[in-house]
Amino acid sequence: MWDRLRYIVLGPPLMTMQFAHKKLNKIRALAAFSPDALSSIAYANQELYLGLLVAGSAGLSQSLPIALVITGLLTIVALSYFQTICGYPSGGGSYAVARENLGTLFGLVTAAALLIDYVLTAAVSLTASITAIASAFPELWPYHIGLSLLFLSVITLLNLRGLRETGTMMAIPVYLFLFVYLSMLAYGMLRVLIEGSVSWGTTAPPATEPLTLFLILHAFSTGCTALTGIEAISNGVPVFKPPEAKNARQTLVVMALLMGILFLGSVGLTQFLAVVAGPQETILSALARMLLGSGPAYWIIQASTMLVLAVAANTSFAGFPRLAAILASDGFLPRQLRSVGDRLVFAKGILLLTVATGVLILGFGGYTHALIPLFAVGVFLAFTLSQIGMVVHWRRERGKGWWLKVIINGVGALATGVTVVVVGANKFFEGAWITILLIPMLVVGFLKIREHYHEVDKQLSFGELSTSLPRSFPVARVIVPIAGVNRGMVDAIAYAQSISKSVTAVYIELEPGSGQHIREEWKRLWPNLPLVILPSPYRSIVGPFLDFLDEIDGKNNDSQLAAVVLPEWVPAHWWQGLLHNQTARLIRNALLYRRRHLGFQRVIIEVPYHLRR
C-alpha cells in the first residue's frame, strides 16, 4: 500500500541512466536556481525601508544610495562566482573552493554557514510569501503559520518528484513575476519621467531617531539580504545540460542582471515617488498600490510576489541536499545523505531541509522580520571565505590573466569581509548571535562524524591481521524467548534445535499465575525441552530477559555467550503492525545495542512467521 501511494504521489522510480535526461536547460535552471535571488527584493526592500523609517525623511532619502552600494557588492559577488564556476565546473561552490584552497577547517566553516543560510532562505521566503498576500488580504494574517507550512509541503513534494518537474513548475511563477514586475517598474519610471519625483517631506512620518552612521550601517546590513541565493548556481553546475559550466555561467550573468534591475528599480521608484507603507503592509505592496491602484493589476502583482517567494524556497531545495551530499561523500555528514532516491534526487536531504525549515517557521511564529537578523552573517561569511579561496587558487594556477582574477576576488573578499563585520555587529543582539553560535557547533559536529567514520573503518579493516577464513563459531546453547505457545514460534524452536543440543525457552510472566497455562501447553508439545518462566514484578519484558542471559552466561563461564533465536510474526499489512507491541523488536534492539558483555559477542537470529491476512 505504501509503495502504491508513493508511486502515485512521487511518480515511478527512474533508472540511473535517465539522470542525464533529467538535467536542466538554461530556462528551467534559471527558474530552479533564481527564485530566492530574484524575490529577495521583497524582504530586502522591506528591511531597508524599516531600518531607515525611524529617521523620517532624512533616513528614507538614503535608501537609493545604500541600494547602489549593495548593487555594487552584488556585482563583485557575481563576478566571483562566475570565476568559481570556471575554476570548479564540477560544483560544490563555496565549500569546495574553501576546502581545497584554505584547508578542511575553513571549508567546514563555509559549509556550516551555507547550510544555515539555505534553511533560513526557505523559512524567510515562505513566511514573506504569506506576508505579501496578506498585505492585499489582511484576513489571512491569523493563518500565516499554517499557510507557510502548507507552501513548504507543496515545495517539498515537487522536489521529491524530481528535477524536471521542479524546474517546470517553478518556471511559471518565476517568469510571471519577472513579467509583471519589470512591466510595473518600466511603467513607474515612465511616470516619474513625465510627472517628476515626489519629496519625502510630504509623505514621510516624523523621525523618532536621528540619522546616524550606526543607523545607516544597520539599514545596509538588513538590505544586504538582497544578495542571498546568488551562490546557488555555482553549487548546482552538474544539473545543467552540457556544456554544464558554460550554461551555468550564462545563467548566472542573466540572474545577476535581473537581481540588480529589480532591486535598484524598486528602491529607486520607492524613493522617487516617496512611497510610505501603511500598517500591516509591505513597502512593495504600497508601491504597487500607488502605481496600479487596488484593482486586478495590483492583485496580480501581489499574487506573483507570493508565488515567487514561495518557490524561492526551491533555491534551498536545490542547494541544501546537494551540498549535504558532498559533505556526506567527504565523511562529514551521515552517509545516507549522499544516496540518490527513486526519482534521482537526494530525497533524505530534501526531507531534512523540510524538517529544519518547519521548525524555524514554528519557532519564530512565522514572522519574516524576526528571521532576518539571523540571515546575512552566514551568507557573507561563505562569500568571504570562497573569494579568499579563489585568490589562493588563481595564485597557485597562474593561468592567463591570473593577476586580474586575483584583484577581482581580492576586492570581493575585502568587501564581503567588511560586510560580515558590519552585519554581525549591527545584528548581534537581534539574533545574529544564534548563527554565530551555530556555525562552530556544526563544525564540531562535522568533525565528530568524520572521526566516527574513521574509527569504524579502522575497526573493520583487517590491518595486520591474517586475512584467512574466520575462526569457527560453535553455538553451545540457545535461548528462545516466547510470548506464548502458538504457530508463530514453532519454526524458531525447530531452527534452534537444528543448531544446538542445548535449547531453553524463556517466558516472562507479567501477571502472577499466567505462566501455568503456558507450561502445560509447552509440556504437551515439547516434553523434553526446558521452559523457564521468569516473574516480572515491574511488568518489564526486556530487563528480566537480559538478567537471565547474564546469569546463564556467568554460570557456564565457557568463553562464549548464549545465542538468542527470536521468533517474530510479520503482519500481512504495514498498518497491522501498529496494533501490536513489537516485543521481538524491543528485545533485538536491546541485545544489538548492548555493549560487548564479558568480552564476547552474542549471536542474534530472527525467525519470521508471515501472516497471510
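The analysis underlying the following values was restricted to heavy atoms, covering all of them including side chains, and did not include hydrogens, waters or symmetry mates.
Heavy atoms from other residues, nucleotides or ligands lying under 6.0 Å from CZ of Phe106 number 12 at most. Around the CZ atom of Phe429, the shell of radius 6.0 Å holds no more than 12 heavy atoms that belong to other residues, nucleotides or ligands. Within a 6.0 Å sphere centred on NZ of Lys348, heavy atoms belonging to other residues, nucleotides or ligands number 12 at most. Counted within 6.0 Å of CH2 on Trp200, heavy atoms from surrounding residues, nucleotides or ligands total more than 12; the atom is thus considered enclosed.
Counting heavy atoms from C-beta outward, Leu287 and Met184 have side chains that approach closer than 4.5 Å. When side chains are defined from C-beta on, Leu182 counts as touching Leu262, because their heavy atoms get closer than 4.5 Å. Two residues are said to be in side-chain contact when any heavy atoms from C-beta on lie closer than 4.5 Å; Phe446 and Leu442 meet this criterion. For the pair Val391/Arg395, a side-chain contact is recorded, criterion being any heavy-atom separation below 4.5 Å from C-beta on. Put simply, the side chain of Leu447 reaches to within 4.5 Å of the side chain of Val443, judged on heavy atoms. Here the side chains of Gln46 and Thr131 are not in contact, with every heavy-atom distance at 4.5 Å or above. Using a 4.5 Å cut-off on side-chain heavy atoms (C-beta onward), Leu149 and Leu126 make no contact. Side-chain contact between Ile155 and Asn159 is present, with heavy atoms from C-beta onward closer than 4.5 Å.
Taking OG of Ser94 as the start and CG of Leu385 as the end, the distance is 8.5 Å to the nearest 0.5 Å. The distance from atom CG of Leu257 to atom CG of Leu252, rounded to the nearest 0.5 Å, is 9.5 Å. Here Asn409 contributes atom CG and Leu79 contributes atom CG; the two are 9.0 Å apart, rounded to the nearest 0.5 Å. Here the straight-line distance linking atom CG of Asp117 with atom OG of Ser316 works out to 7.0 Å at 0.5 Å rounding. The NZ atom of Lys246 sits 12.5 Å away from atom SG of Cys86, with the distance rounded to the nearest 0.5 Å. The distance from the CD atom of Gln302 to the CZ atom of Arg289 is 7.5 Å, given to the nearest 0.5 Å.
Checking Thr354, Thr127, Leu157 one by one against Leu152, the side-chain contact (heavy atoms from CB on, under 4.5 Å) holds for a single residue, Thr354. Here the rule is side-chain hydrogen bond (donor to acceptor under 3.5 Å, both in side chains) with Gln271, and of Ser266, Ser61, Ser63 only Ser63 fits it.
For Phe263, the ring-ring contact (aromatic ring centres under 6.0 Å, His included) criterion is met by no residue, not counting sequence neighbours. Taking the ring-ring contact (aromatic ring centres under 6.0 Å, His included) definition, one finds that Tyr181 meets it with Phe177, sequence neighbours left out. Legend: residues meeting ring-ring contact (aromatic ring centres under 6.0 Å, His included) with Phe383, ordered by chain and number and at least two apart, are Tyr81, Phe380. With sequence neighbours left out, His393 forms a ring-ring contact (aromatic ring centres under 6.0 Å, His included) with Tyr88. Take Pro210 and apply the side chain to side chain contact (heavy atoms under 4.5 Å, CB included) test, not counting sequence neighbours, and it matches Thr212.
Closest approach of Leu60 and Ala204 over heavy atoms only: CD1-CB, 4.0 Å. Taking both residues in full, the closest heavy atoms of Ala171 and Ala31 are given as CA-CB, 3.4 Å, listed atom of the first, atom of the second, then distance. Across all non-hydrogen atoms, the minimal contact from Gly51 to Leu215 is O-CD2, 3.5 Å. Contact detail for Leu48 and Gly223: the closest heavy-atom pair is CB-CA, 4.5 Å. The nearest pair of heavy atoms linking Leu73 to Cys224 is CD2-SG, 4.2 Å. Shown here for Gly260 and Thr71, the closest heavy-atom pair between the two residues is CA-CG2, 4.4 Å.
Using a distance-only test at 3.5 Å, with no hydrogens or angles considered, a donor-acceptor pair links the side chain of Thr208 to the main chain of Val54. Between the side chain of Ser221 and the main chain of Val422, no donor-acceptor pair closer than 3.5 Å is present. Remark: side-chain polar atoms of Thr416 are paired, donor with acceptor, to backbone N or O of Gly412 under 3.5 angstrom. In this structure a side-chain-to-backbone donor-acceptor pair under 3.5 Å is missing from Ser80 to Ile76. The main-chain N or O of Leu114 is never found under 3.5 Å from a side-chain atom of Tyr95 such that the two would form a donor-acceptor pair. Panel note: side chain Ser34, backbone Ala37; no donor-acceptor pair is recorded below 3.5 Å. No side-chain donor-acceptor contact under 3.5 Å links Glu209 to the backbone of Ala55. Between the Thr368 side chain and the Ala128 main chain, a donor and an acceptor come within less than 3.5 Å of each other. Without hydrogens or angle criteria, Thr384 side chain to Gly417 main chain gives a donor-acceptor distance under 3.5 Å.
Look at Glu100 and Arg396 and you find a salt bridge, because one of the NZ, NE, NH1 or NH2 atoms lies within 4.0 Å of a carboxylate O, short of that distance.
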Exercise for the section: Go through Ile70 and Ile66 one step at a time and tell me if the side chain to side chain contact (heavy atoms under 4.5 Å, CB included) criterion holds. Expected result: CA-CA 6 Å; Ile70 294 174; Ile66 293 175; 3.9 Å; yes

Handout entry: Evaluation steps, side chain to side chain contact (heavy atoms under 4.5 Å, CB included), between Phe151 and Met306
Key = CA-CA 10 Å; Phe151 281 19; Met306 177 197 69; 3.9 Å; yes

Exercise for the section: Tell me, with the steps shown, if Ile449 and Tyr453 meet side chain to side chain contact (heavy atoms under 4.5 Å, CB included). Expected result: CA-CA 6 Å; Ile449 290 171; Tyr453 282 133; 3.5 Å; yes

Handout entry: Intermediate values then yes/no, side chain to side chain contact (heavy atoms under 4.5 Å, CB included), Phe332 and Ile326
Key = CA-CA 9 Å; Phe332 295 110; Ile326 294 172; over 6 Å; no

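Annotation: salt bridge (charged side-chain N to carboxylate O under 4.0 Å, His left out) contacts involving residues 42-55, sequence neighbours excluded, are absent.
Between Phe320 and Tyr118, the ring planes are perpendicular. Angles over 60° get that label, and only those under 30° would be called parallel.
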